[in-house]
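The chains referred to below are lettered A, B, ... by the order of the sequence lines, with proteins before strands, and numbering in each begins at 1. Computed over heavy atoms, backbone and side chain alike; hydrogens, waters and symmetry mates excluded.
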Number of protein chains: 2
Amino acid sequence: MSEAKTRTTREGDVRHEVIYRAVSDAIIEHRLKPGARLREDALAEVFGVSRTGIRKILQRLALEQLVTLTPRRGASVTRPSAEEARDVFAARQLIECSLMVDAAKRITSEDIEALRKMAQEERQALKSGDQSLAIRLSAAFHLRLAQLAGNATLAEFVERLCSRSSLILAVYGHRGHLGCESHDHDDLIGYLEAGNGERAKAFMSRHLKAIEASLSMVEEDNAIPDLQQIFASD
Amino acid sequence: MSEAKTRTTREGDVRHEVIYRAVSDAIIEHRLKPGARLREDALAEVFGVSRTGIRKILQRLALEQLVTLTPRRGASVTRPSAEEARDVFAARQLIECSLMVDAAKRITSEDIEALRKMAQEERQALKSGDQSLAIRLSAAFHLRLAQLAGNATLAEFVERLCSRSSLILAVYGHRGHLGCESHDHDDLIGYLEAGNGERAKAFMSRHLKAIEASLSMVEEDNAIPDLQQIFASD
DNA sequence: GGTTTTTTTGTTGTATACAGTGTAGACACT
DNA sequence: AGTGTCTACACTGTATACAACAAAAAAACC
């Protein structure tokens, strides 16, 4: 570590971003399962930084509701409740559908090309069985779509909602049945390309409803924490 | 302060919340003007805590976009651009109007009573010329309204939007012409009490449009570049 | 006199040390 | 055996010290 002191703080900034991404992706891809504890010491050692930096990242993730920060117990990956899942999808239904109208008006040919590429990558991931990657790519697709409408604030909301949706999918989704059907996104691109905003809006609505319907809202069968859930239900 | 060392960390938690509120309110009420620098040292001394706690609060405020955190320059109160203002009001138009329908279905008599009380307080503040307080109460009213719809996620979005709106109003609003007309909120309660969601929705739309229209979207006179322009007047 | 370089100061970024709290294991008692 | 209590450990919360960097001020140079 003797030469490590020459690292500038500017490098430290991007490193924080990298660590944030790493943790965030791990959660979204379900490599870190809901309920998993995230100890500051452990993370600090893994990434070779001090706890200070880790805390900052943990707090950011907590505000995005990807991790839960209980007062003196530390951080753990959030386990979204069924109610939260319902709220999130209701919010997506409202916001994303509405954005399709503006998106159809403003979309350019470059956008279409980029979207098609993303959809293809996603299909590829699905075909090769990489479910984690597919979930993340799907979220990225929806976000990109939302950004087309030109409202940065709403796009940010969609980003948050997509992250949480990924978590929800990882918890309540069936193994063999991923949220987004493989051809759905391509169809959506088609409607947007044709400038048919209303059609895209209706399709997005069905699309989101289909994802939500594919969830099995049964509480996880946690052999051990069964008791906890029963008595911690209020 | 000799026995201050007996303060538990649990007390520290609520203290942080208090400090957060204090800073947040100060920004929302325009006692801290956009562009004002927020030095960690100064805040730490004012509130009697270390910089560590201040940093946490500052980062939270930054994620809520009330303060801007430039890499090595520190924190300052965010100066919302005209574009951001447009985006925020478009988002409010979409979300808050839509929520009125659900709110009308779920509202109870206790809710109505609480809302009337809030509206009255707001009118009082307006009458007594306390513009800062009125802005904050107005935001609280809109938030309370959003919470009625029963979607915690969307309510949280509305909270964020209202905070930012307060900031926008503080920057672009005219002095004598506050955003919310005094009787608007009472009218809205009436529609909700009657269970007329569609009417409430339409009224909310007009209400928000009126607020936005009352803004003067002239770009602020940036003191520093002003000089350059003045002396480059050859 | 104006411009560039150097120094100084002020402020944030990071790490580490310490204090306080939650948790679990051991031991004693019923 | 089962339960209550005590003690040791693990972890987080907070403060402080130090290092890095940016801006402003001063000095030197043209």
Whole-Å gap separating [atom2] ([N]) and [atom1] ([X]):
X       : N      : atom1 : atom2 : answer
B:Ile54 : C:dT11 : CD1   : P     : 15 Å
A:Arg37 : D:dC11 : CZ    : C1'   : 8 Å
B:Arg39 : C:dT9  : CZ    : P     : 16 Å
B:Glu40 : D:dT16 : CD    : P     : 15 Å
B:Leu38 : C:dG10 : CG    : P     : 19 Å
A:Leu43 : D:dC11 : CG    : P     : 12 Å
A:Leu69 : D:dC11 : CG    : P     : 16 Å

- Query: Centre of A:Tyr20's six-membered ring, under 6.0 Å away, within 45 degrees of the axis: is that where NZ or CZ of A:Arg60 sits?
  - Reply: yes
Output yes when at least one side-chain N/O atom of [X] is less than 4.0 Å from OP1 or OP2 of [N], else no.
X       : N      : value
B:His16 : D:dG13 : no
A:Arg72 : D:dT12 : no
A:Arg55 : D:dG13 : yes
B:Lys56 : D:dT14 : yes

- Assert: residue with more 5' nearest nucleotide on DNA chain D, out of A:Gly74 and A:Thr52, is A:Gly74
- Query: Residues two or more places apart in sequence or in another chain: which of them pass salt bridge (Lys or Arg N to Asp or Glu O under 4.0 Å) with B:Asp130?
  - Reply: none
- Parallel, tilted or perpendicular: which fits the ring planes of B:His207 and B:His142, with parallel below 30° and perpendicular above 60°? parallel
- Query: Do B:Ser132 and B:Arg31 meet the criterion of a side-chain donor-acceptor pair at a distance under 3.5 Å?
  - Reply: no
- Query: So, B:Thr68 versus B:Ser76: side-chain donor-acceptor pair below 3.5 Å or not?
  - Reply: no
- Base, sugar-phosphate, or nothing for A:Arg51, non-hydrogen atoms under 4.0 angstrom? base
- Record whether the side chain of B:Arg73 comes under 3.5 Å of the base of C:dG10 through a donor-acceptor pair of N or O atoms. no
